[in-house]
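This report refers to the structure that appears directly beneath it.
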Amino acid sequence: MSILLTLLMTTAATPADERVLRLTKLYQDICLERFPDDKAVEAMMVARGARELSQSDVKVTMRDDPARAWDLSDGGATLWIEYPPFHACSVRWSAADVGNMDAYRAIADTYEAAIGGFSPIDPMKADQNDIHIRAVGEARTLPNKTQESLFFFEQSISDPKRRAAGETGFTLRFVHQYAPPEPAH
C-alpha cells in the first residue's frame with residue numbers, strides 16, 4: 001500500500017488536507033518520478049489534459065527565468081518547470097491554511113532515503129515587499145558540484161492592511177530543484 005494511501009486511510013482528512021494529499025501525489029508522480037526529464041513531464045501534462053499557461057502568464061511569476069507552467073484544473077493548482085541554470089519542477093496552489101504536511105514529508109523522506117546523501121538546509125525566512133516567504137528543505141551535492149534539493153515553500157501576505165481586508169491565505173509549493181554549482185570565491 002502506498003504511503004499516501006495509508007495516510008489518507010488513517011487520517012480524518014479535511015477537504016484542505018485531501019487536496020494536499022492529491023497535490024502531494026501529483027508532485028511525487030511528476031516532480032520526483034519523471035523530472036528532470038522535461039519531455040516526460042510534458043507528456044504527463046498532456047495525458048492529464050492540463051492547460052498550458054501562456055508565456056505572458058508565466059512571466060508574471062518567473063519574470064525573465066525560462067519556464068513553462070500548466071493549470072491542473074484543481075482550483076488554481078499549477079505545475080511549473082523552470083529551465084537551467086536552475087532546473088526545477090514544482091506544484092503550486094493557494095489555500096486558506098497550510099494544512100497537514102505529513103504526506104509531503106513522507107514522500108520526501110522516502111525519496112531522500114532511497115537516494116541518500118540529503119541533509120537539512122537552513123530554513124529560509126524572507127520578506128519581499130508585503131509577502132512573507134518561508135522555506136524548508138533538504139539538499140545533496142552531486143559529483144559535478146550541482147545540488148539537488150527538495151523544498152516546501154509557504155508564502156503569505158504580511159501587510160496588516162491587506163490582512164485586515166481578508167488576504168489571509170497562503171500560496172504553497174513543493175519544489176524539486178537542481179541548482180548550478182556555487183561560484184568559486
Side-chain angles (χ1 to χ4, degrees), residues 2-5 7-8 11 13-55 57-63 65-84 86-112 114-115 118 121 123-124 131-139 147-156 169-179:
S2 79
I3 293 168
L4 294 175
L5 184 57
L7 283 169
L8 184 58
T11 306
T14 67
D17 291 340
E18 289 173 4
R19 186 171 191 214
V20 169
L21 285 169
R22 283 194 315 275
L23 295 174
T24 300
K25 177 68 174 139
L26 178 80
Y27 173 75
Q28 178 181 24
D29 289 347
I30 307 248
C31 295
L32 298 182
E33 294 178 5
R34 289 174 175 77
F35 178 79
D37 182 342
D38 297 332
K39 295 288 185 201
V41 172
E42 181 180 351
M44 182 52 67
M45 292 296 92
V46 169
R48 289 177 173 266
R51 179 184 61 81
E52 186 166 1
L53 300 180
S54 71
Q55 277 303 299
D57 287 339
V58 170
K59 278 185 139 329
V60 169
T61 297
M62 300 303 287
R63 296 184 185 100
D65 293 343
R68 290 176 75 183
W70 293 265
D71 182 329
L72 300 171
S73 301
D74 191 335
T78 53
L79 184 119
W80 295 74
I81 297 294
E82 181 179 0
Y83 297 106
F86 289 90
H87 195 194
C89 178
S90 63
V91 175
R92 303 168 184 226
W93 72 101
S94 295
D97 59 44
V98 174
N100 184 326
M101 290 295 136
D102 289 351
Y104 169 78
R105 190 71 265 148
I107 63 111
D109 289 348
T110 300
Y111 179 87
E112 292 168 2
I115 292 174
F118 283 86
I121 300 168
M124 181 200 80
I131 298 175
H132 179 71
I133 303 166
R134 184 180 82 85
V136 295
E138 301 78 38
Q147 203 169 56
E148 178 183 17
S149 305
L150 302 184
F151 294 104
F152 167 66
F153 283 82
E154 66 180 60
Q155 295 176 203
S156 60
F170 294 86
T171 299
L172 307 172
R173 63 187 140 129
F174 300 146
V175 181
H176 182 195
Q177 175 184 273
Y178 291 90

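Below, all heavy atoms of this structure are taken into account, side chains as well, without hydrogens, waters or symmetry copies.
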Heavy-atom pair with the smallest gap, counting every atom of Ala103 and Leu21: CB-CD2, 3.2 Å
Results of side-chain contact (heavy atoms from CB on, under 4.5 Å) for Pro36 - residues two or more places apart only: His87, Tyr178
Nearest heavy-atom neighbours spanning Trp70 and Ala50: CB-CB, 3.8 Å
side-chain contact (heavy atoms from CB on, under 4.5 Å) evaluation trace for Phe86 with Asp65: CA-CA 9 Å; Phe86 289 90; Asp65 293 343; over 6 Å; no
Donor-acceptor contact present, side-chain Arg19 to main-chain Asp74, <3.5 Å: yes
Residue pair Ser149 / Ala139: nearest heavy atoms and the distance that separates them: OG-CB, 3.4 Å
Distance in Å, Arg134 CZ paired with Phe170 CZ, rounded so as to fall on 0.5 Å steps: 9.0 Å
Qualifying residue, where the test is side chain to side chain contact (heavy atoms under 4.5 Å, CB included) with Asp37 and the options are Arg34, Glu33, Lys39: Lys39
Residues which pass ring-ring contact (aromatic ring centres under 6.0 Å, His included) with Trp93, listed by chain and number, not counting sequence neighbours: Phe174
Any donor-acceptor N/O pair, Glu112 side chain to Ile107 backbone, under 3.5 Å: no
Sub-6.0 Å ring centroid separation between His176 and Tyr27: no
Side chain to side chain, Tyr83 and Arg68, heavy atoms closer than 4.5 Å: yes
Considering all heavy atoms, the nearest Leu172-Ala95 contact: CD1-CB, 4.0 Å
Contacts of Asp71 that satisfy side-chain hydrogen bond (donor to acceptor under 3.5 Å, both in side chains) - sequence neighbours left out: Arg51
Any side-chain donor near an acceptor of the partner, Arg173 and Gln155, under 3.5 Å: yes
Glu52 side, atom CD; Met45 side, atom CE - distance, nearest 0.5 Å: 10.5 Å
Glu18 side chain reached by Leu23 side chain, heavy atoms, under 4.5 Å: no
Thr171 vs Glu154, side-chain contact (heavy atoms from CB on, under 4.5 Å): CA-CA, chis, key distance, verdict: CA-CA 6 Å; Thr171 299; Glu154 66 180 60; over 6 Å; no
Spacing of CG belonging to Asn100 relative to CG belonging to Asp17, to within rounding of 0.5 Å: 5.0 Å
Close side-chain approach of Thr78 and Val91, heavy atoms under 4.5 Å: no
Heavy-atom closest contact (Glu82 atom, Ala67 atom, distance): CA-CB, 4.1 Å
Atom pair OG (Ser90) and CD1 (Ile81), whose distance is rounded to the nearest 0.5 Å: 7.5 Å
Test side-chain contact (heavy atoms from CB on, under 4.5 Å) applied to Leu79 and Cys31, step by step: CA-CA 9 Å; Leu79 184 119; Cys31 295; 4.1 Å; yes
Worked verdict on Thr24 versus Gln28 for side-chain contact (heavy atoms from CB on, under 4.5 Å): CA-CA 6 Å; Thr24 300; Gln28 178 181 24; 5.7 Å; no
Salt bridge present between Glu138 and Arg105 (N-O < 4.0 angstrom): yes
Side chain to side chain, Tyr104 and Asp109, heavy atoms closer than 4.5 Å: no
For the student: nearest non-hydrogen atoms of Met44 and Ile30, plus distance: CG-CD1, 2.9 Å
